[in-house]
There are 2 protein chains.
Amino acid sequence: MNLIDEIKKRSVHVDEGIREMLPIKHPEELYKAARYLPDAGGKRLRPAAVILTAEAVGSDLQTVLPAAVAVELVHNFTLMHDDIMDRDDVRRGMPAAHVKWGEPGAILAGDTLYSRAFEIITRMDNDPARIVKCIYILARTCTEICEGQWLDVEFEHKDMVSEKEYIQMVEKKTAVLYGAACKIGALLGGSSLEVADQMYEFGRMIGIAFQIYDDVLDIVTPEETLGKVRGSDIMEGKKTLIAIHALNSGVQLEIFGKGKASRGQLEDAIRQLEESGSIEYARNVALAHIREGKAKLDVLGDSEAKEILLAIADYMIERSY
Amino acid sequence: MNLIDEIKKRSVHVDEGIREMLPIKHPEELYKAARYLPDAGGKRLRPAAVILTAEAVGSDLQTVLPAAVAVELVHNFTLMHDDIMDRDDVRRGMPAAHVKWGEPGAILAGDTLYSRAFEIITRMDNDPARIVKCIYILARTCTEICEGQWLDVEFEHKDMVSEKEYIQMVEKKTAVLYGAACKIGALLGGSSLEVADQMYEFGRMIGIAFQIYDDVLDIVTPEETLGKVRGSDIMEGKKTLIAIHALNSGVQLEIFGKGKASRGQLEDAIRQLEESGSIEYARNVALAHIREGKAKLDVLGDSEAKEILLAIADYMIERSY
């Protein structure tokens, strides 16, 4: 089984669904702005998770496609607003939406993605009680993502962040949307609430691992693959799990939060993090979450979809970018 | 019947509902920012409309209170994001949210109000099919509000706007939320879809009138009541119905869009608008919408709630601020 092919097989329908369910209409420029990020691609891991959990409980793509599209639009909405807040001017190798349409334009385009996502999920052909449940999950998840983003911004102004606080932030900012994707796919696919709850835990666990491993990649990935300066998190003083472990181990990172560093200084810092075992530590915490997540799939009978979900879990900490 | 008292009787429950359904919890500063505008008051006309339509179809306040709170939170979310976009630094006599918490804070607080509104409405004790329908109405309305705000911003850069374009903008930016409030109240109150559709039209019509009359008030209200300079719309070059009528009648407003004017120049401009009949014209268009809206209530049997809804309609164009 080729994981990328399996995801691609499903994501072409998601791409088509986005074009169909978020058509460009009057006022056209608003909808062009709203479609800008979703059309720019991305791995489509979250909608794939919706579809695969549905398949794994015996349902199919067509049954849950609108929910998969809704989850992807919510993801893109968060990216668009986060980029304004974090003043990130590049996304997916292109100018961010607020660079092209201004901040008001990007705020509105994000809001449109948000409400359109909820519109789409209400139009599904499914048991109304299950739809209400799924909308609740999606809405609660959006609230938690706001909390996570708030904590992330708050951490920038804090001297120290504990490992527990960091994991909680990552959970809210990133992991809960994976959890929601898997639970919604299962519920709309007809599963019991018990199975759906296990799917949520699967998604949440691999989502936490995804984010922790992202921080590892920032340090270990060659710059030509990363597309930005290696170790930028260290220079920015980001309180990643690696940085927290290092600081707790008494490592003195000279360039931490200094904003810039020479190549030599950066390599020294990375060597320090290797010697203190901080990179290895983060990698192991990510791995532990993947293992715990995969175990949640034990409630499922054997299926191709289950195999793919397991492969996605492994991919979270094996990918190179 | 005293209209203000009747609204107050219901809005105390809305105030309490907001405190209960949007509690201040971790991370506290995010929730304080989210509660800032809703706690600052406002007329609570939209949640009153939810409650009164429910009462008018034979239901009661407790049955629809969460929906009333959700509609009020959506309204406050739009105010919060609009103030960022329009760079309005004062709201309800206080510094705007983005002045207190910065733009990132206000974007996130607005997003939180948005998702919390949807969370709240999914937790209602009602027929799931009706809840799904109401969430659809609320979500579609939010999308339309984004479209309306986009058009409003676009109009600033256009030389001319037609009356039709103006009414469409006002409809989306302001009126559809009144329509949604009334339709949601009716549906959750147990009405037929036919009656609910009439309630939507009632809300939409009085919402259009509300906004048109707002523009009239900007010109005819004494400054001590208005709390800002009289005729500021003229100086800002806002394409209100009054301005559109005046321009179409060949009136040359020297200070239109000039940003500032002396008191004498302003009084001259207002006199010109009186002589061209532009103020009277806008007042009449508002009145026609009120009449058409009130007629939609004919499908309802007599009740105190119906009387109050009729009084709200009249209030839209009789209020002095």
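Here A:Ala129 is the residue among A:Ala34, A:Ala33, A:Ala129 with the most heavy-atom pairs under 4.5 Å with chain B. Note on B:Asp111, B:Leu113, B:Thr112: by heavy-atom pairs under 4.5 Å with chain A, the leading option is B:Asp111. The greatest number of non-hydrogen atom pairs below 4.5 Å with chain A, out of B:His26, B:Glu119, B:Glu29, is found for B:Glu119. Highest contact tally toward chain A, considering only B:Arg116, B:Arg123, B:Met124, is held by B:Arg123 [criterion: heavy-atom pairs under 4.5 Å]. Contact count against chain A (heavy-atom pairs under 4.5 Å) is highest for B:Tyr114 among B:Tyr114, B:Phe77, B:Phe118. Of the listed residues B:Ile107, B:Asp127, B:Ile131, the one with more heavy-atom pairs under 4.5 angstrom with chain A than any other is B:Ile107. Listed options B:Pro104, B:Ser115, B:Gly110, B:Gly105 were ranked by heavy-atom pairs under 4.5 angstrom with chain A; first place goes to B:Ser115.
Note: A:His81 and B:His81 have perpendicular aromatic rings, judged against thresholds of 30 and 60 degrees for the angle between ring planes.
Residues forming a side chain to side chain contact (heavy atoms under 4.5 Å, CB included) with B:Glu28 (at least two apart in sequence, or on another chain): B:Ile24, B:Lys32.
Contacts between B:Arg130 and chain A at a heavy-atom distance below 4.5 Å are absent for every atom of the residue. No part of B:Lys172 comes within reach of chain A, as not one of its non-hydrogen atoms sits under 4.5 angstrom from that chain. With a 4.5 Å cut-off on non-hydrogen atoms, B:Leu108 touches chain A through its backbone and its side chain both.
Taking CD from A:Glu103 and CZ from B:Arg87, the interatomic distance works out to 6.5 Å, rounded to the nearest 0.5 Å.
Within residues 132-160 of chain A, the residues having any heavy atom under 4.5 Å from a heavy atom of chain B are, by residue number, A:Val132, A:Ile135, A:Tyr136, A:Ala139, A:Arg140, A:Cys142, A:Thr143, A:Cys146, A:Glu147, A:Gln149, A:Trp150, A:Leu151, A:Glu154.
The number of heavy-atom neighbours closer than 6.0 Å to CG of A:Asp125, taken from other residues, nucleotides and ligands shown, is 12 or below.
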